[in-house]
Amino acid sequence: MANFFSDNKDLQFHLQHPMMRKIVELKERGFAEKDLYDYAPQNFEDAMDSYRRVLEIAGEVCGDVIAPNAERVDHEGPRVVNDHVEYAAGTVENMKAVVDAGLSGLTLPRKYDGLNFPLICFVMANEMVARADASFENIWGLQDCAETLNEFASEEQKQKFLTWVSAGATCAMDLTEPDAGSDLGAVMLKATWSEEKQTWLLNGVKRFITNGDGDVSLVLARTEEGTTDARGLSMLVHDKRDGGVKVRRIENKLGIKGSPTCELVFTNAPAQLVGDRKMGLIKYVMSLMNAARLGIGAQSVGLCEAAYREALKYAHEREQFGKPIIRFAAVSEMLSNMKAKLQGARALLYETTRFVEVYKQYMHISHERSLEAEERQEMKFYNRLADGFTPLVKLFSSEYANQLAYDAIQIHGGSGFMKDYPCERLYRDARIMNIYEGTSQLQVVAAINAVTKGTFMEQIERYATAEYIESMQPIVAKLKELTAKFAEMQTYVETMDKETAGFKDFHARRLVETAGHIIITYLLARQAGECADYTDSVRIFCKLSVGKVMEAYSYVMSSTAEDIALFKAVEAEY
């Protein structure tokens with residue numbers, strides 16, 4: 001079978017990014033642990049060699065175990081037995097394979113039995129797992145919950161839970177409720193302190209919880225009596241072994257059927273407070289959700305990869321009118337666009353991951369010692385970029401996952417509508433990606449601040465001043481023209497918003513997507529300067545971007561207050 005790392009030159013390219021040296025230095029604290037652990041790297045080259053070897057192992061597990069099990073898992077799915085989840089047989093095999101391969105606790109510190117790898121390695125592993133089976137990525141990938149514990153939990157909690165995750169314990173984020181979906185401030189699951197048991201007790205219901213019967217659950221609950229808003233919420237951690245939680249049912253879903261999405265009933269379930277009271281949503285869940293959105297970005301890119309490969313393979317094999325269908329212009333154009341979107345989404349994913357990584361490492365270092373003035377400035381710089389780019393990558397990658405899954409079926413024709421080919425499963429799996437962990441519309445709400453505050457424009461200008469090879473100069477010139485259009489749109493929207501309430505909100509998606517198209521094209525142009533393999537994709541993506549940006553520009557610049565009123569009229573229909 002294929003090795004999902006060694007057969008993907010694009011992944012190997014991103015692992016070699018120049019910023020990896022800085023990331024490794026920060027993560028390893030100058031290789032301070034080289035004499036404490038026999039598996040700690042001695043230097044940068046040693047660290048990179050370890051990353052490649054482990055990613056190759058992950059790629060082998062994905063190709064040899066997880067991918068072959070995907071169809072069987074999709075058909076069988078998990079079930080509820082004695083109030084708890086029983087995974088499909090293939091999922092059990094997958095779990096054993098990843099644990100035996102040492103792929104648990106990938107980013108956790110070595111003192112908690114983790115590998116202390118950079119986030120970029122975890123994201124790459126997530127992408128490969130999702131390419132093999134997006135539903136299993138939902139189970140394995142949730143170990144990033146442990147990063148939230150690593151950031152905010154007490155040392156005693158870290159020793160207990162992080163070492164367990166490193167040994168293979170599964171995780172869950174218990175956030176949403178029947179009456180609190182995207183509006184997490186409305187969460188009402190109650191946490192009450194028991195003097196008798198000297199612990200918090202959880203009571204209530206959670207719904208739509210991915211891998212809801214996980215071993216370690218981070219639970220958003222209301223600790224403050226009489227409150228109804230976010231200020232009364234805290235974050236708690238629940239150990240499945242302590243009992244008190246029953247799985248009422250597993251949702252019957254359109255896709256990602258191997259991943260149990262649960263409705264949970266908490267009855268005096270013991271739990272420990274994580275961090276400070278009242279900061280559950282304001283601080284801890286925001287950190288948790290940002291990590292989850294990066295995870296969905298990786299999941300989406302992994303599915304894009306799978307969809308593109310399935311479509312490409314079929315287009316070479318299927319013959320019509322005496323030749324393979326890939327030789328028809330309509331099909332080859334679709335595949336070229338699919339490849340450009342795939343590589344563009346991946347470029348944005350790993351650029352975002354690098355921003356998040358540097359910010360997070362400075363944050364961890366700040367808990368160990370005071371940061372120097374220059375380090376504090378760098379942390380703020382990368383934090384700002386991470387806040388803007390995280391919703392952007394979730395928006396673009398999840399939308400592209402849906403587009404590529406759709407196109408994969410189209411290239412298969414009638415066969416793609418049958419369950420004989422994986423693209424049917426990919427299509428169903430993709431549909432949730434621009435919904436959960438914040439819909440595309442909510443990602444726009446989160447990302448529009450990076451437009452209005454200038455974060456995206458400032459970064460675009462940094463990309464514009466970089467050096468590009470001669471063949472990319474026409475691309476850069478076109479991007480500068482698009483940037484000028486973007487600036488015009490911003491000015492017009494901000495001016496009109498002062499006169500017409502809601503004008504900015506109405507055009508937010510057009511502004512955010514314009515920024516995204518420009519940014520992704522610059523990233524691909526930069527990559528083309530380092531590797532000729534990206535030349536075709538950047539030219540294709542640039543053409544797609546020009547079309548999208550000019551469409552948005554035309555729409556925005558011709559909008560008036562009357563147009564906004566026209567669209568708001570639908571609110572009065574019922």
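Sequential numbering from 1 along the given sequence is applied to the chain's residues. A quick note: this is a predicted structure, and the numbers were derived from the prediction, not measured.
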Using the salt bridge (charged side-chain N to carboxylate O under 4.0 Å, His left out) rule, take R309 and E305 through it: C-alpha gap first, then chi angles, then the decisive distance, then the call.
CA-CA 6 Å; R309 286 179 182 255; E305 180 75 34; 2.5 Å; yes
Heavy-atom closest pair, residues A447 and V512
CB-CG1, 3.9 Å
L335 CG to I411 CD1 distance, which is reported to the nearest 0.5 Å
4.0 Å
Given 3.5 Å as the limit, does a donor-acceptor pair link the side chain of T465 with the main chain of R462, or not?
yes
Is the side chain of Y436 donor-acceptor paired with the backbone N or O of F208 at a distance under 3.5 Å, no angle test?
no
When rounded to the nearest 0.5 angstrom, what is the spacing between SG in C304 and CG in N402?
9.0 Å
Okay, side chain of K257, backbone of K253: is any donor-acceptor separation there less than 3.5 Å?
yes
May I ask you to check whether D10 and Y534 show a side-chain donor-acceptor distance below 3.5 Å?
yes
For residues R384 and T455, is any side-chain donor paired with an opposing acceptor at under 3.5 Å?
yes
Hey, what's the ring geometry for F456 with F389, parallel, tilted or perpendicular (30° and 60° as the breaks)?
perpendicular
When rounded to the nearest 0.5 angstrom, what distance separates CG in L254 from CD1 in I432?
8.5 Å
Once you round to the nearest 0.5 Å, how far does CG of L288 lie from CG of D144?
7.0 Å
Under 3.5 Å, is there a donor-acceptor pair linking the side chains of Q299 and N138?
yes
Between Q459 and Y463, is any side-chain donor less than 3.5 angstrom from a side-chain acceptor?
yes
Can you tell me how far the CD1 atom of I409 sits from the CE atom of M418, to the nearest 0.5 Å?
11.0 Å
Say whether E351 and Y522, considering side chains only, have a donor N or O and an acceptor N or O under 3.5 Å apart.
no
Between atom CD of E467 and atom CE of M472, what is the distance when rounded to the nearest 0.5 Å?
15.0 Å
